[in-house]
Amino acid sequence: QVHMVESGGGLVQAGDSLRLSCAASGRDFSTYAMGWFRQAPGKERELVAAISGGGTTYYGDSVKGRFTISRDNFKNTVFLQMNSLKPEDTAVYYCTAGYSIATIGQLYWGQGTQVTVSS
(Lines give C-alpha, C1' and ligand atoms only; values in the text may rest on other atoms or scores of the structure.)
Protein backbone atom coordinates (compact mmCIF):
# COMPACT_ATOMS: atom_id res chain seq x y z
CA GLN A 1 0.00 0.00 0.00
CA VAL A 2 1.30 3.44 -1.02
CA HIS A 3 0.19 6.54 0.87
CA MET A 4 0.41 10.06 -0.52
CA VAL A 5 -0.28 13.11 1.66
CA GLU A 6 -0.61 16.66 0.29
CA SER A 7 -0.02 19.83 2.29
CA GLY A 8 0.52 23.54 1.73
CA GLY A 9 -2.89 24.68 0.53
CA GLY A 10 -4.66 27.70 1.94
CA LEU A 11 -6.44 30.98 1.33
CA VAL A 12 -4.45 33.67 -0.51
CA GLN A 13 -5.05 36.79 -2.57
CA ALA A 14 -4.61 37.10 -6.32
CA GLY A 15 -0.95 37.54 -7.19
CA ASP A 16 0.30 35.61 -4.15
CA SER A 17 2.29 32.37 -4.15
CA LEU A 18 1.90 28.95 -2.55
CA ARG A 19 3.99 25.80 -2.53
CA LEU A 20 2.23 22.45 -2.33
CA SER A 21 4.01 19.35 -1.08
CA CYS A 22 3.19 15.68 -1.55
CA ALA A 23 4.93 13.14 0.67
CA ALA A 24 4.75 9.57 -0.63
CA SER A 25 5.65 6.23 0.86
CA GLY A 26 7.41 3.42 -0.97
CA ARG A 27 10.89 2.60 -2.20
CA ASP A 28 9.86 2.85 -5.89
CA PHE A 29 9.11 6.57 -5.73
CA SER A 30 11.99 7.52 -8.02
CA THR A 31 10.64 5.30 -10.82
CA TYR A 32 7.16 6.88 -10.86
CA ALA A 33 5.95 9.83 -12.83
CA MET A 34 4.31 12.26 -10.40
CA GLY A 35 1.75 14.95 -11.04
CA TRP A 36 -0.90 17.33 -9.80
CA PHE A 37 -4.55 17.37 -10.85
CA ARG A 38 -7.06 19.96 -9.74
CA GLN A 39 -10.85 19.86 -9.45
CA ALA A 40 -13.11 22.88 -9.02
CA PRO A 41 -16.92 22.86 -8.64
CA GLY A 42 -18.62 22.94 -12.02
CA LYS A 43 -15.38 22.35 -13.92
CA GLU A 44 -13.71 19.29 -15.38
CA ARG A 45 -10.72 17.72 -13.69
CA GLU A 46 -7.52 19.22 -15.09
CA LEU A 47 -3.94 17.97 -15.16
CA VAL A 48 -1.91 20.90 -13.88
CA ALA A 49 1.65 19.57 -14.05
CA ALA A 50 3.61 16.32 -14.14
CA ILE A 51 7.21 15.19 -13.88
CA SER A 52 8.77 11.90 -14.97
CA GLY A 53 11.24 9.87 -12.97
CA GLY A 54 13.96 11.32 -15.21
CA GLY A 55 12.89 14.93 -14.69
CA THR A 56 10.92 15.64 -17.87
CA THR A 57 8.06 18.04 -17.10
CA TYR A 58 4.61 18.80 -18.45
CA TYR A 59 2.41 21.83 -17.73
CA GLY A 60 -1.16 22.60 -18.59
CA ASP A 61 -1.63 25.68 -20.76
CA SER A 62 -3.48 27.55 -18.01
CA VAL A 63 -0.52 27.41 -15.61
CA LYS A 64 2.48 27.40 -17.94
CA GLY A 65 4.97 30.07 -16.90
CA ARG A 66 3.44 30.45 -13.43
CA PHE A 67 3.73 26.99 -11.83
CA THR A 68 6.80 24.79 -11.40
CA ILE A 69 6.82 21.10 -10.49
CA SER A 70 9.86 19.48 -8.88
CA ARG A 71 10.75 16.37 -6.91
CA ASP A 72 13.14 15.20 -4.21
CA ASN A 73 13.62 11.46 -4.63
CA PHE A 74 15.63 11.15 -1.41
CA LYS A 75 12.65 12.48 0.56
CA ASN A 76 9.94 10.81 -1.57
CA THR A 77 8.38 14.24 -2.07
CA VAL A 78 7.01 16.17 -5.04
CA PHE A 79 6.36 19.93 -4.99
CA LEU A 80 4.22 22.39 -6.91
CA GLN A 81 5.38 25.99 -6.70
CA MET A 82 2.47 28.26 -7.67
CA ASN A 83 3.19 31.91 -8.45
CA SER A 84 0.97 34.75 -9.65
CA LEU A 85 -2.11 32.93 -8.44
CA LYS A 86 -5.47 33.82 -9.98
CA PRO A 87 -9.03 33.24 -8.73
CA GLU A 88 -9.37 30.71 -11.56
CA ASP A 89 -6.74 28.57 -9.79
CA THR A 90 -9.14 27.92 -6.91
CA ALA A 91 -9.62 24.15 -6.63
CA VAL A 92 -8.80 21.04 -4.69
CA TYR A 93 -5.34 19.91 -5.78
CA TYR A 94 -4.54 16.18 -5.85
CA CYS A 95 -1.14 14.53 -5.94
CA THR A 96 -0.98 11.55 -8.33
CA ALA A 97 1.43 8.88 -9.56
CA GLY A 98 1.76 6.78 -12.69
CA TYR A 99 4.23 4.76 -14.71
CA SER A 100 4.65 7.66 -17.15
CA ILE A 101 3.43 11.20 -17.74
CA ALA A 102 1.05 9.85 -20.38
CA THR A 103 -0.60 7.60 -17.78
CA ILE A 104 -0.30 9.91 -14.79
CA GLY A 105 -2.92 9.30 -12.12
CA GLN A 106 -3.48 5.62 -12.86
CA LEU A 107 -1.56 4.30 -9.85
CA TYR A 108 -2.11 6.38 -6.70
CA TRP A 109 -3.94 9.49 -5.49
CA GLY A 110 -3.61 11.64 -2.41
CA GLN A 111 -6.49 13.04 -0.37
CA GLY A 112 -6.29 16.55 -1.85
CA THR A 113 -5.56 20.00 -0.47
CA GLN A 114 -7.73 23.10 -0.94
CA VAL A 115 -6.35 26.19 -2.66
CA THR A 116 -8.55 29.30 -2.59
CA VAL A 117 -7.53 32.52 -4.35
CA SER A 118 -9.55 35.66 -3.66
CA SER A 119 -9.85 38.50 -6.16
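Residues take their numbers from the sequence shown, with the count starting at 1.
Glu88 and Thr90 are not linked by any side-chain donor-acceptor pair at a separation below 3.5 angstrom, with hydrogens and angles left out of the test.
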Does Val48 form a side chain to side chain contact (heavy atoms under 4.5 Å, CB included) with Phe67? I'd like the steps, not just the answer.
CA-CA 9 Å; Val48 176; Phe67 291 9; 3.5 Å; yes
Report the C-alpha separation of Ile69 and Val78 in whole Å, then their side-chain angles, then the decisive distance to 0.1 Å, and conclude whether the side chain to side chain contact (heavy atoms under 4.5 Å, CB included) test is met.
CA-CA 7 Å; Ile69 189 169; Val78 63; 3.9 Å; yes
Between Gln39 and Tyr93, does a side chain to side chain contact (heavy atoms under 4.5 Å, CB included) hold up when you go through it step by step?
CA-CA 7 Å; Gln39 179 74 62; Tyr93 285 71; over 6 Å; no
With side chain to side chain contact (heavy atoms under 4.5 Å, CB included) as the test, would you mind laying out the steps for Gln111 and Met4 before giving the verdict?
CA-CA 8 Å; Gln111 84 289 344; Met4 306 174 69; over 6 Å; no
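To the nearest 0.5 Å, the span separating OG on Ser118 from CG on Asp16 amounts to 8.0 Å. Note that the CD atom of Glu6 and the CG atom of Leu80 stand 11.0 Å from one another [nearest 0.5 Å]. Remark: Ile51 CD1 to Thr56 OG1 distance equals 8.0 Å, nearest 0.5 Å.
Pairing each heavy atom of Phe79 with each of Asp72, the nearest pair is CE1-CB, 4.2 Å. Nearest heavy-atom pair, Met34 versus Cys95, reported as atom, atom and distance to 0.1 Å: CE-SG, 3.9 Å. Annotation for Ser17 and Asn83: closest pair OG-OD1, 2.9 Å, computed over non-hydrogen atoms. Shortest non-hydrogen contact noted between Asn76 and Ser25 is ND2-C, 3.9 Å.
Side-chain heavy-atom separations under 4.5 angstrom define the hydrophobic clusters, and Phe74 shares its cluster with no other residue. In this structure, Ile104 shares a hydrophobic cluster with Phe37, Leu47, Tyr58, Val92, Tyr94, Ile101, Trp109, the cluster being traced through Ile, Leu, Val, Met, Phe, Trp and Tyr side chains under 4.5 angstrom apart.
Between Leu20 and Thr113 the shortest side-chain heavy-atom distance falls below 4.5 Å. Gln13 has its side chain out of reach of Val117: every pair of non-hydrogen atoms, C-beta onward, lies at least 4.5 Å apart. A heavy-atom distance below 4.5 Å is not found between the side chains of Thr116 and Val12.
The aromatic rings of Tyr32 and Tyr99 lie perpendicular to each other, with more than 60° between the two planes, well past the 30° mark.
A donor-acceptor pair is defined here as one N or O able to donate and one able to accept, closer than 3.5 Å; such a pair exists between the side chain of Arg71 and the backbone of Phe29. Here the side chain of Gln81 pairs no donor or acceptor atom with the backbone of Arg19 at under 3.5 angstrom. A donor-acceptor pair under 3.5 Å is formed between the side chain of Thr77 and the backbone N or O of Lys75.
Evaluation of the salt bridge (charged side-chain N to carboxylate O under 4.0 Å, His left out) rule for Glu46 yields Arg38 as partners, not counting sequence neighbours. Scanning for side-chain contact (heavy atoms from CB on, under 4.5 Å) contacts around Ser30 gives Asn73, with sequence neighbours left out. Ser100 is linked by a side chain to side chain donor-acceptor pair (under 3.5 Å) to Thr103, counting only residues two or more places apart in sequence or in another chain. The salt bridge (charged side-chain N to carboxylate O under 4.0 Å, His left out) test applied to Arg66 returns Asp89, not counting sequence neighbours.
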